[in-house]
Amino acid sequence: MIISWNTTNKCNMFCDHCYRESGEAALGELNTEQAKKLIDEIARAGFKVMIFSGGEPLTRPDIFELIAYAGTKGLRPVLGTNGSLITPEVARKLKEAGLMGAGISLDSLDKEKHNELRKLDNAWELAVEGMKNCREAGVGFQIHTTVMDWNQHEVEALTDFAVEMGAKAHHIFFLVPTGRGEQIEAKALKRDEYEALLQRIMRKAQTVDIEIKPTCAPQFMRVAEQLGMNLRFSKGCLAGVSYCIISPKGDVQPCAYMKMEIGNVKDTPFDEIWANHPVFKTLRTEAYDGACGQCHYQHKCGGCRARAAYYHQGDYMTADPLCILNQEG
């Protein structure tokens, strides 16, 4: 079970696709005491991996203290970061705090394209330097790539770069239009492109020794089965089943890309929201409508619930319109 907490809305970048619309810190972000209470409740709910994300989590002054605290509660703390603030000193402090891994964003091997997406002139150089500093400090890291129409042909080369850099994994995120991402919805892959890239990714995964995982693309489970691959994953879309996200202010969402706030941890303990909220209970039924409900891969894939909701006026249990098997999409 994996949970992601957006520790702050503050960020030193202003990425075109940011689902959180990060930039300035938000009013009412959880303070240190509230954050530790949240960590207690996350552990009590049975989660194993806690992602400290943002915004940019390294802009939060107490981030090392909170990472260490999560470790004392039996959680596996990891970081989701743009990498730009990981100096050698920060990397050492992350290691000392007990960080188990960092996901660092890199969206292109073309420095100018990456920097343009992230609205920082030296974003690419800083991200790569952050990877090197993690490597030197003994902090395992993986590369995160958000894929769109303009960088879809770079994916295999980015995997090769991840191998070259000593990354543990390459996780490839498919754009779901949320937050600022709604403004670039036209750059999201179309159905045939989506399927073709999934096929390419999973074939590439058979040729390298690091983990490659598509994210927000649960059909990778079908493709892997069709290719005879044995993966460590049991389900494609985890939203509300074994994953959820918490905003900087404590709002709980089934996933980062589903625009619904179904409770706030300042008002109700997180473990109670996780156990009892009707949205979570509905998602766990896996009783999908349309093509997803009739599909052989219904329980292994699950379709992207966020994409279903975005393209169907909030109906998160209907069919994923991007799936090649959904002829009604």
Are [X] and [Y] packed together at the side-chain level, in the sense that at least one heavy-atom pair is separated by less than 4.5 angstrom?
X	Y	result
Ile3	Ile245	no
Cys255	Met258	yes
Met100	Val139	no
Glu65	Thr32	yes
Val90	Asn133	no
Phe52	Leu99	no
Ile172	Thr215	no
Thr146	Leu117	no

Linked, directly or transitively: [X] and [Y] (ILVMFWY side chains, under 4.5 Å):
X	Y	value
Leu109	Met165	yes
Tyr243	Val176	yes
Leu158	Val208	no
Phe174	Val223	yes
Phe64	Leu75	yes

Taking CZ in Arg76 as the centre, count heavy atoms belonging to other residues, nucleotides or ligands within less than 6.0 Å. Is the count above 12?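 Count not over threshold, so no.
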Any chance CG of Asp62 has more than 12 other-residue heavy atoms, nucleotides or ligands included, within less than 6.0 Å?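 Enclosed.
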In plain terms, say whether [X] and [Y] are close enough for a salt bridge, that is, a side-chain N and a carboxylate O under 4.0 Å apart.
X	Y	result
Lys10	Glu29	no
Arg222	Glu195	yes
Asp149	Lys190	no
Glu182	Lys259	yes
Glu41	Lys37	yes
Lys119	Asp16	yes

Test Asp107 against every option in Lys113, Arg118, His144 by the side chain to side chain donor-acceptor pair (under 3.5 Å) rule and name the one that passes.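 So the option named by the test is Arg118.
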[X] and [Y]: side chain donor to acceptor below 3.5 Å:
X	Y	value
Asn82	Ser84	yes
Thr8	Glu56	no
Gln253	Glu261	no

[X] side-chain N/O to [Y] backbone N/O, donor-acceptor pair under 3.5 Å:
X	Y	result
Lys48	Met1	no
Arg305	Thr318	yes
Asp320	Cys304	yes
Gln34	Asn31	yes
Asn151	Met148	yes
Arg191	Asn326	yes
Asp251	Ser247	no
Gln298	Glu286	yes
Ser22	Gly55	yes
Arg180	Pro177	no

So, is the end of the Arg20 side chain (NZ or CZ) under 6.0 Å from the ring centre of Trp5 and within 45° of the ring's axis?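 No; the conditions do not both hold, so Arg20 does not lie above the ring face of Trp5.
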Would you call the rings of Phe161 and Trp124 parallel, tilted or perpendicular, where under 30° means parallel and over 60° means perpendicular?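 If you compare the ring of Phe161 with that of Trp124, the planes turn out tilted.
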Given Ile86 and Met131, is the side chain to side chain contact (heavy atoms under 4.5 Å, CB included) satisfied, shown in steps? CA-CA 8 Å; Ile86 306 179; Met131 296 175 200; over 6 Å; no
Do Asn6 and Tyr19 pass the side-chain hydrogen bond (donor to acceptor under 3.5 Å, both in side chains) test, and can you show the C-alpha distance, the side-chain angles, and the key distance before you say yes or no? CA-CA 11 Å; Asn6 296 131; Tyr19 66 82; 3.0 Å; yes
Step-by-step side-chain hydrogen bond (donor to acceptor under 3.5 Å, both in side chains) determination, Tyr194 to Gln219: CA-CA 10 Å; Tyr194 177 80; Gln219 290 81 10; 2.4 Å; yes
How long is the straight-line distance from [atom2] of [Y] back to [atom1] of [X], given to the nearest 0.5 Å?
X	Y	atom1	atom2	answer
Ile104	Ile143	CD1	CD1	8.0 Å
Leu197	Lys204	CG	NZ	13.0 Å
Met202	Leu198	CE	CG	8.5 Å
Asn264	Ile273	CG	CD1	7.0 Å
Ile2	Ile51	CD1	CD1	6.0 Å
Thr268	Asp271	OG1	CG	10.5 Å

Is there a side chain to side chain contact (heavy atoms under 4.5 Å, CB included) between Leu325 and Tyr297 once you walk through the steps? CA-CA 10 Å; Leu325 300 184; Tyr297 301 97; 4.2 Å; yes
Taking it one step at a time, do Leu238 and Phe233 satisfy side chain to side chain contact (heavy atoms under 4.5 Å, CB included)? CA-CA 10 Å; Leu238 306 179; Phe233 311 105; over 6 Å; no
Is there a side chain to side chain contact (heavy atoms under 4.5 Å, CB included) between Leu85 and Asn12? Walk through the geometry before answering. CA-CA 9 Å; Leu85 303 180; Asn12 60 332; 3.8 Å; yes
Tell me the side-chain hydrogen bond (donor to acceptor under 3.5 Å, both in side chains) pairs involving residues 161-171, sequence neighbours left out?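 Listed by first then second residue: Gln142-His171, Thr145-His170, Thr159-His170, His171-Glu211.
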Over all atoms of both residues, closest heavy-atom pair of Met260 and Pro254: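 Shortest heavy-atom contact: CG-CD, 3.6 Å.
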Assess the residue pair Tyr316 and Tyr257 against the criterion (ring pair (Phe, Tyr, Trp, His ring centres under 6.0 Å)); give the C-alpha distance rounded to whole Å, side-chain angles, the decisive distance to 0.1 Å, and a yes or no. CA-CA 11 Å; Tyr316 57 88; Tyr257 307 99; over 10 Å; no
